[in-house]
Number of protein chains: 2
Amino acid sequence: MPRKPVEQADGERRSTIRDVAALAGVSVATVSRVLAGNYPIAPPTRARVLRAVKDLDYVVNVHARALAGVSQKTVAILTRDVTTPFYAHVIQGVEQQAAQDGRLCVVCTTGADPDRELAYVKMMREHGADAVIIVGGVVETLGYRKQLAQYAQALDSAGSKLVLCGRPGLGPDVPALVAHYDNEGGAYAATSHVLSAGHERVLFLGGVEGFTTSDPRVAGWRRALRDRGITPDKELLQQGSFGTHFGYERTRQLLKRGPLPATAIVASDDGCAAGAVRALREAGLGIPEDVSVVGYDDAPMAAHLWPPLTTVHIPAEELGRTAVRLALDSRAQLGRETILGTHVVVRDSVARRIDR
Amino acid sequence: MPRKPVEQADGERRSTIRDVAALAGVSVATVSRVLAGNYPIAPPTRARVLRAVKDLDYVVNVHARALAGVSQKTVAILTRDVTTPFYAHVIQGVEQQAAQDGRLCVVCTTGADPDRELAYVKMMREHGADAVIIVGGVVETLGYRKQLAQYAQALDSAGSKLVLCGRPGLGPDVPALVAHYDNEGGAYAATSHVLSAGHERVLFLGGVEGFTTSDPRVAGWRRALRDRGITPDKELLQQGSFGTHFGYERTRQLLKRGPLPATAIVASDDGCAAGAVRALREAGLGIPEDVSVVGYDDAPMAAHLWPPLTTVHIPAEELGRTAVRLALDSRAQLGRETILGTHVVVRDSVARRIDR
DNA sequence: CATGTTTCGGTAACCGTTTACTGCGCTGAT
DNA sequence: ATCAGCGCAGTAAACGGTTACCGAAACATG
């Protein structure tokens, strides 16, 4: 006599489909069918079942249901963190689209730690999630690409989809979906915007070399300059990191060395731009009278900076929604990239440069 | 002969514990025990099993595991949205603490819609989540309190915990945990801070009457004034909404009617403060020379405003972490409130008032 | 050598659903 | 009266694990 029924210590055992069946005087099959609503049931029977369900406050057990073959309906999103506005917006999009499709959204923060990422991918395989979405930039080493390819394989063979979101894909032989945005184009447009305002010395501030998010931005900046016949001097490319801290410190250093070698700054991100603005202002420079600044991301704070920051809008929420749609669309092509547009949102941090 | 084994159309069937057992030449019990690691297994046997697991790329099926009685390990967090910085930080805290305890974190956004909230609570019951955390302020009608009490009952009898986070509890007879912060105290401290700087006419801007988050703030402002023997005039309490839009518009209205009836503003939230700052500046007023402003929340943007905004810090991430700890701590008292401290973070938006 | 103790591993019931197949009672046609 | 057909509802296998209980072999002891 194996396995004696375990006594539920705290609280009464939650009621099962069998309890409902007993109370309603029908079989479990009937209860299941009433609840699923995909099978003809005589109205009086249906009513009795529904009544019993209500009386017992019955809810199905999703685990049992999943085990019996009804797929689980979960999407997972892995990001470095959730407080960075860009991630928060992507998560929001994912959650909303997932909810619309009746799915639960589990969020996993990795802190950019590959081990935690790996652990989460494994957990999601155990859960049989129908999609796992990995968001955000990284410096993509060969080892990491291999890692991703492995995830893709593993998830694919388990019937789950891997979606790479806000980062480039891995080529057609890796079974992953890709939802990306026009990163290079955004930087090109932003740079063109300040060039059109008459600036000629435009500095690119921030980002780290090799990073999947900043490299295309640098490329866009470079292309915009070249298109106007301007050579992107080495001293005009100031990389190192993202965020306010870097923007502030690097700008201060630059200022300490002498007058700024540029009349405008294109920043790798809004935080970086905010840091630069602060440093410039502390040095007595006016924005945008003396120096024009444009950011990237269109984080909510950008609009509240003083002056309100001209920046590049990334459709983050839409990106999240797209990722889920892609995962759930059986016609979606593995290996192809879906690319969303970006655009410059003009506010007050860029001024027309009259003289040269 | 009921139910013929369903043919897996796409991809090979994922391997089960039985496959592993067969390959390793042992019984399923042995495999399970090796994986659980809670039972003595002879090293050679263990090695064979592990080898088979690796070869087949086996992962357990959590649904089967859950069904067999091992609890599911999930916490859910319900918020209005995820992009509001306060919520994002709470979510972050929840996720981190949950991860530390080996739990998955599912986030559900309700858009402040009671129906969606209800639906999510039901879903989480189906999942057997070990905790559901509801975060954020509301105007708490009687009906809604009743609703919450029902959730609490339902979840409790299913063995899950309900945690109310960043909002007051429902009294000792409702089986819910409460993780809150010292809302009134924060407002009291903020108001005291500007009073100590010599201001006497201090306006409270923002919030909506009856809201669980703003009411205590108004109360704190009122108490601080009274403690200094100042009567909180009616015209000094300007409520209506939260956020930049309200802050901006209401301040403009006030300014249009004549000189501001105060030399300092305590805002219901940082967004509101930012809006007020903008309106004041547009009217030619200097911050803090002409008007001092303090916010509430300590959102990341507060530090980047110009001038950097003095505000009240809410330990949002810690709040999330506390909520999870409370839920998982069997000794936690239902009905008792755990209250985290708030404090004023002094930046540059409050100036000493010399003359009177 | 007989017997008591461990140590390790197998057997099979059970968790709560879903659903293929079967069967019962009626109705209406022949 | 007989029987095909239909509308409903029941039976029970299967999903993939966990674990209580049992038993065999290995070892220690008298």
Side-chain angles (χ1 to χ4, degrees), chain A residues 1-8 13-49 52-53 56 58-73 125-128 158-159, chain B residues 1-8 13-49 52-53 56 58-73 125-128 158-159:
Chain A
M1 184 215 321
R3 190 75 188 291
K4 107 183 41 138
V6 43
E7 274 311 311
Q8 205 72 4
R13 199 177 99 297
R14 80 190 246 189
S15 45
T16 74
I17 199 173
R18 251 168 281 267
D19 301 326
V20 176
L23 183 58
V26 298
S27 75
V28 294
T30 303
V31 176
S32 177
R33 294 202 265 246
V34 167
L35 264 16
N38 52 9
Y39 195 86
I41 297 286
T45 314
R46 142 181 261 94
R48 282 211 320 285
V49 169
V53 165
L56 292 173
Y58 167 79
V59 286
V60 294
N61 178 324
V62 290
H63 301 301
R65 188 210 286 279
L67 196 53
V70 177
S71 98
Q72 188 27 50
K73 279 135 190 342
R125 284 220 289 152
E126 298 177 348
H127 271 263
Chain B
M1 183 215 319
R3 191 77 189 293
K4 105 180 46 135
V6 42
E7 274 311 311
Q8 203 75 3
R13 200 177 98 294
R14 81 189 247 189
S15 44
T16 75
I17 199 173
R18 257 165 272 266
D19 301 326
V20 176
L23 183 58
V26 298
S27 74
V28 294
T30 305
V31 176
S32 177
R33 295 201 264 243
V34 166
L35 263 18
N38 52 9
Y39 195 87
I41 297 287
T45 312
R46 145 180 259 95
R48 283 210 321 283
V49 170
V53 166
L56 292 173
Y58 167 78
V59 286
V60 294
N61 177 324
V62 290
H63 302 301
R65 190 212 286 281
L67 196 53
V70 178
S71 97
Q72 186 28 46
K73 275 134 194 342
R125 284 219 290 151
E126 297 177 348
H127 272 263

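Below, chains carry the letters A, B, ... as their sequence lines are ordered, and counting in each starts from 1. Predicted model, so just to flag it, every value in this text is computed and none were measured. Note that these values count all heavy atoms, side chains included, but never hydrogens, waters or copies made by symmetry.
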Item to check | Among D:dG17, C:dC8, C:dT17, the nucleotide that comes nearest once only the side chain of A:A64 is considered | outcome: C:dT17
Item to check | Whole-Å distance separating the NZ atom of B:K73 from the P atom of D:dT18 | outcome: 13 Å
Checklist entry - What's the CD1-C1' distance between B:I17 and D:dT18, to the nearest Å? => result 8 Å
Checklist entry - Could you give the CG-to-P distance, from B:L56 to D:dG16, as a whole number of Å? => result 14 Å
Item to check | Whole-Å gap separating P (D:dG16) and CZ (B:R14) | outcome: 9 Å
Checklist entry - Looking across every strand, which nucleic acid part, if any, lies under 4.0 Å from A:V60 by heavy atom: base, sugar-phosphate, or nothing? => result sugar-phosphate
Checklist entry - Going by heavy atoms in the side chains, are A:R14 and A:V59 under 4.5 Å from each other? => result yes
Next on the checklist: Please report the interatomic distance CZ(A:R46) to OG1(A:T30), rounded to the nearest 0.5 Å.
Outcome noted: 11.0 Å
Next on the checklist: With rounding to the nearest 0.5 angstrom, report the CD1 to CG distance, B:I17 to B:L56.
Outcome noted: 12.0 Å
Checklist entry - What's the shortest heavy-atom distance between B:Y58 and B:T16, and which atoms? => result CE1-C, 3.5 Å
Checklist entry - On a plain distance test, is the side chain of B:R18 in donor-acceptor contact with the base of D:dG17 below 3.5 Å? => result yes
Next on the checklist: Distance check needed: D:dA14 C1' versus B:N61 CG, whole Å only.
Outcome noted: 13 Å
Checklist outcome for this item: Whole-Å distance, A:I41 CD1 to C:dT18 P, equals 13 Å
Checklist entry - Which pairs with one or both residues in residues 18-38 of chain A pass salt bridge (Lys or Arg N to Asp or Glu O under 4.0 Å), sequence neighbours excluded? => result A:R13-A:D19
Checklist entry - CZ/A:R65 to CG/A:L35 distance, rounded to the nearest 0.5 angstrom? => result 7.5 Å
Item to check | Members of residues 21-39 of chain A that approach DNA chain C, where some heavy atom sits under 4.0 Å away | outcome: A:A29, A:S32, A:R33
Item to check | B:S32 OG to B:N38 CG distance, which is reported to the nearest 0.5 Å | outcome: 7.5 Å
Item to check | Rounded distance (Å) that lies between atom P of C:dT18 and atom CG of B:L67 | outcome: 12 Å
Checklist entry - B:Y58 OH to D:dG16 C1': how many Å, rounded? => result 7 Å
